Asks: 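The structure is given below, and queries will be raised subsequently.
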Amino acid sequence: MLTSTVRVTGSGAAGGPQRILLLGGGSEIGLAIVAALGRGPETEIVLAGRDPAALVVAGAALPYQVQTGRYDALEFADHQGFVDKVFAGGPVDLVISAAGVLIGQPELDHDPARAADLIGTNFTGHVTTLLACAGRLRERGHGTIVVLSSIAAVRPRKANLVYGASKTALDAFARGLTDALHGSGVRVLLVRPGFVTGRMTAGMSPAPLATTPAAVGLAVAAALRRGDRGPVWVPRSLALLASALRLVPRPLWRQLRR
Ligand SMILES: NC(=O)c1ccc[n+]([C@@H]2O[C@H](COP(=O)([O-])OP(=O)(O)OC[C@H]3O[C@@H](n4cnc5c(N)ncnc54)[C@H](OP(=O)(O)O)[C@@H]3O)[C@@H](O)[C@H]2O)c1
């Protein structure tokens, strides 16, 4: 199930991530995070996604030992087995949960069944996969889970309400998981980027304080090195904006066009 371009056995020692699992292995943000980690070439990474051939191409740009595995965030019943197989290949120290889709609200209004795919990909699949990962990491008493929430989690906008709801749910899950794992040696790093210019937002005009995958990667890598517990806002000034957004009176809020 897992294929490797080069295969080594990582020690998974507490000194740093020796073996990384990137769920949504083609994610621009996920790949930018792992590239920014600056780990040694002995580091092993499993890129997990729907198109292993594309993952091999993405992995070729990484300075690590790359494995790929077929993973579909919507195949919930397979997630425990997938995680078991990954961990059977060696201890994992860092899990990055980066699968996600952004589907425009007009499309969802027209075809509500697609909203189930969005919620499944952005929320349910993270829950079923990360509960399995948390169990494995807890057994070793060591490891970090990075969860990519969003500024969209702060307050639902009518122009983006299902995506926002999926991120609010994911954000709440990550905070609950943080508490559930407290004292276990496993930490959760919650990341809340703003608008990130890239494939997911292609064709959209950038929102205020827009950032890039590379900037998110650097911010997350720095937070991991420092042992921060988050949330990591990217850019940092977004935390202030989020506080202000919570205070906007509802009659005004509902006038927002995007
Ligand atoms: N871009 C932004 O503005 C922004 C802002 C805040 C938070 N985020 C979040 O950050 C995360 C990464 O986003 P990104 O900007 O890196 O977007 P991206 O480059 O489009 O990456 C999303 C990844 O999710 C994968 N994916 C989608 N559906 C999947 C499924 N059913 N099973 C497995 N993988 C699936 C995609 O795989 P395929 O290649 O197979 O489609 C792709 O690799 C997402 O959770 C997103 O919501 C993004």
Side-chain angles (χ1 to χ4, degrees), residues 21-36 45-59 61-62 68-79 82-83 86 95-104 114-130 145-154 157 160 162-171 173-174 189-217 219-220 230-235 238 241-242 258:
L21 171 60
L22 175 57
L23 297 154
S27 152
E28 287 183 313
I29 293 176
L31 289 166
I33 293 171
V34 295
I45 181 162
V46 179
L47 299 180
R50 294 183 290 189
D51 182 355
L55 297 179
V56 169
V57 175
L62 294 174
T68 61
R70 203 191 164 280
Y71 166 80
D72 190 327
L74 291 173
E75 291 174 0
F76 313 125
D78 292 347
H79 292 166
F82 177 78
V83 168
V86 171
V95 176
I96 303 170
S97 204
V101 286
L102 175 60
I103 305 173
R114 293 196 69 201
D117 288 346
L118 188 153
I119 296 287
T121 307
N122 292 3
F123 177 55
T124 315
H126 290 257
V127 173
T128 48
T129 309
L130 293 183
I145 297 171
V146 174
V147 177
L148 289 164
S149 176
S150 167
I151 180 75
V154 168
R157 285 177 290 116
N160 200 18
V162 179
Y163 180 83
S166 73
K167 286 299 184 186
T168 302
L170 179 65
D171 197 286
F173 169 72
L189 184 65
L190 178 60
V191 183
R192 293 182 184 141
F195 184 102
V196 180
T197 308
R199 185 174 46 198
M200 182 173 274
T201 55
M204 299 168 67
S205 47
L209 302 180
T211 187
T212 62
V216 179
V220 174
V232 180
W233 293 92
V234 192
L238 208 60
L241 179 65
R258 58 172 291 180

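All residue numbers refer to positions in the sequence shown, counting from 1. Order of listing sets the numbers, starting from 1, for every ligand and every atom in it. None of these values were measured; they are calculated from a predicted model.
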Asks: What about G100: any of its N or O atoms under 3.5 Å from an N or O on ligand 1?
Replies: yes
Asks: If we only count N/O pairs under 3.5 Å, is A99 in contact with ligand 1?
Replies: yes
Asks: For I29 and ligand 1, does the shortest N/O to N/O distance drop below 3.5 Å?
Replies: yes
Asks: Starting from atom 21 (O) of ligand 1, which protein heavy atom do you reach first, and at what distance in Å?
Replies: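 Minimum-distance protein heavy atom for atom 21 (O) of ligand 1 reads S27 CA, 3.2 Å.
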Asks: Using a 4.0 Å cutoff against the non-hydrogen atoms of L148, which atoms of ligand 1 qualify?
Replies: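 Near L148, meaning under 4.0 Å from one of its heavy atoms, ligand 1 has 10 (O), 11 (C).
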Asks: Give me the nearest non-hydrogen protein atom to atom 36 (C) of ligand 1 as residue plus atom name, then the distance to 0.1 Å.
Replies: R50 NH2, 4.3 Å
Asks: Test of understanding: given a 4.0 Å heavy-atom threshold, classify the contact between S149 and ligand 1 as side chain, backbone, both, or neither.
Replies: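 For S149, the contact with ligand 1 is made by the backbone alone.
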Asks: Which atoms of ligand 1 sit under 4.0 Å from any heavy atom of V101?
Replies: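 Reading through ligand 1 atom by atom, the close ones are 27 (C), 28 (N).
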Asks: Quiz question for you: does at least one protein heavy atom lie closer than 4.0 Å to atom 39 (O) of ligand 1?
Replies: no
Asks: Measuring from atom CG of L118 to atom CG of L102, what distance do you get when rounded to the nearest 0.5 angstrom?
Replies: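 Reported value, rounded in 0.5 Å steps: 7.5 Å.
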Asks: Test your reading of the model: is there a side-chain donor-acceptor pair from H126 to the backbone of A99, 3.5 Å cut-off?
Replies: yes
Asks: Based purely on interatomic distance, does Y163 place a nitrogen or oxygen under 3.5 Å from a nitrogen or oxygen of ligand 1?
Replies: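 Min N/O separation from ligand 1 is below 3.5 Å for Y163.
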Asks: With a 4.0 Å cut-off on heavy atoms, is D51 touching ligand 1?
Replies: no
Asks: Has ligand 1 got any nitrogen or oxygen that is less than 3.5 angstrom from a nitrogen or oxygen of G30?
Replies: no
Asks: Check whether any N or O atom of S150, backbone or side chain, sits under 3.5 Å from an N or O atom of ligand 1, and answer yes or no.
Replies: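 The answer is no, given that S150 and ligand 1 share no N or O pair closer than 3.5 Å.
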Asks: Treating T201 as the side-chain partner and M204 as the backbone partner, does any N or O pair qualify as donor plus acceptor under 3.5 Å?
Replies: no
Asks: To the nearest 0.5 Å, what is the distance between CG on N122 and CG on L148?
Replies: 11.0 Å
Asks: With heavy-atom distances below 4.0 Å as the criterion, list the atoms of ligand 1 near R199.
Replies: 18 (P), 19 (O), 20 (O), 21 (O)
Asks: Does the N or O separation between V196 and ligand 1 drop below 3.5 Å for any pair?
Replies: yes
Asks: Tell me which protein heavy atom sits closest to atom 32 (N) of ligand 1, plus the residue, atom name and distance to 0.1 Å.
Replies: A73 N, 2.7 Å
Asks: So if I count the atoms of ligand 1 from 1 in the order they appear, which ones are less than 4.0 Å from some heavy atom of D72?
Replies: 30 (C), 31 (N), 32 (N)
Asks: K167 side chain to V154 main-chain N or O, any donor-acceptor pair under 3.5 Å?
Replies: no
Asks: Would you say K167 touches ligand 1, if touching means a heavy atom closer than 4.0 Å?
Replies: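 It does, in that a heavy atom of K167 comes within the 4.0 Å cut-off of ligand 1.
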Asks: Would you mind running through ligand 1 and noting each atom that sits below 4.0 Å from a heavy atom of G194?
Replies: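 Going through ligand 1 atom by atom, the ones under 4.0 Å from G194 are 3 (O), 5 (C), 6 (C).
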Asks: Between N160 (side chain) and R258 (backbone), is there a donor-acceptor pair under 3.5 Å?
Replies: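 No, because the side chain of N160 does not come within donor-acceptor range (under 3.5 Å) of the backbone of R258.
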Asks: Report the distance from atom CG of D78 to atom CG of D72, rounding to the nearest 0.5 Å.
Replies: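 So the CG of D78 and the CG of D72 are separated by 8.5 Å.
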Asks: Provide the closest heavy-atom pair for L21 versus A48 in the form atom of the first, atom of the second, distance.
Replies: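 Closest approach of L21 to A48: CD1-CB, 4.1 Å.
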Asks: In Å and rounded to the nearest 0.5 Å, what is the CG to CD1 distance from L55 to I45?
Replies: 10.0 Å
Asks: I want to check something: taking the side chain as every heavy atom from C-beta on, are M200 and I29 in contact at a cut-off of under 4.5 Å?
Replies: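 Not in contact.
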Asks: With side chains defined as the heavy atoms from C-beta onward, is the minimum distance between E75 and F82 less than 4.5 Å?
Replies: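 No, their side chains stay 4.5 Å or more apart.
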Asks: Check each atom of ligand 1 against the heavy atoms of G26 and keep those under 4.0 Å away; list them by number with element.
Replies: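 Result: 43 (O).
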Asks: Verify, without hydrogens or angle tests, whether T128 (side chain) and G125 (backbone) share a donor-acceptor contact under 3.5 angstrom.
Replies: yes
Asks: To the nearest 0.5 Å, what is the distance between CG on L23 and OH on Y71?
Replies: 5.0 Å
Asks: Return yes when A98 approaches ligand 1 closer than 4.0 angstrom through a heavy atom, no otherwise.
Replies: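 Checking ligand 1 against A98, which is what was asked, there is a heavy-atom contact under 4.0 Å.
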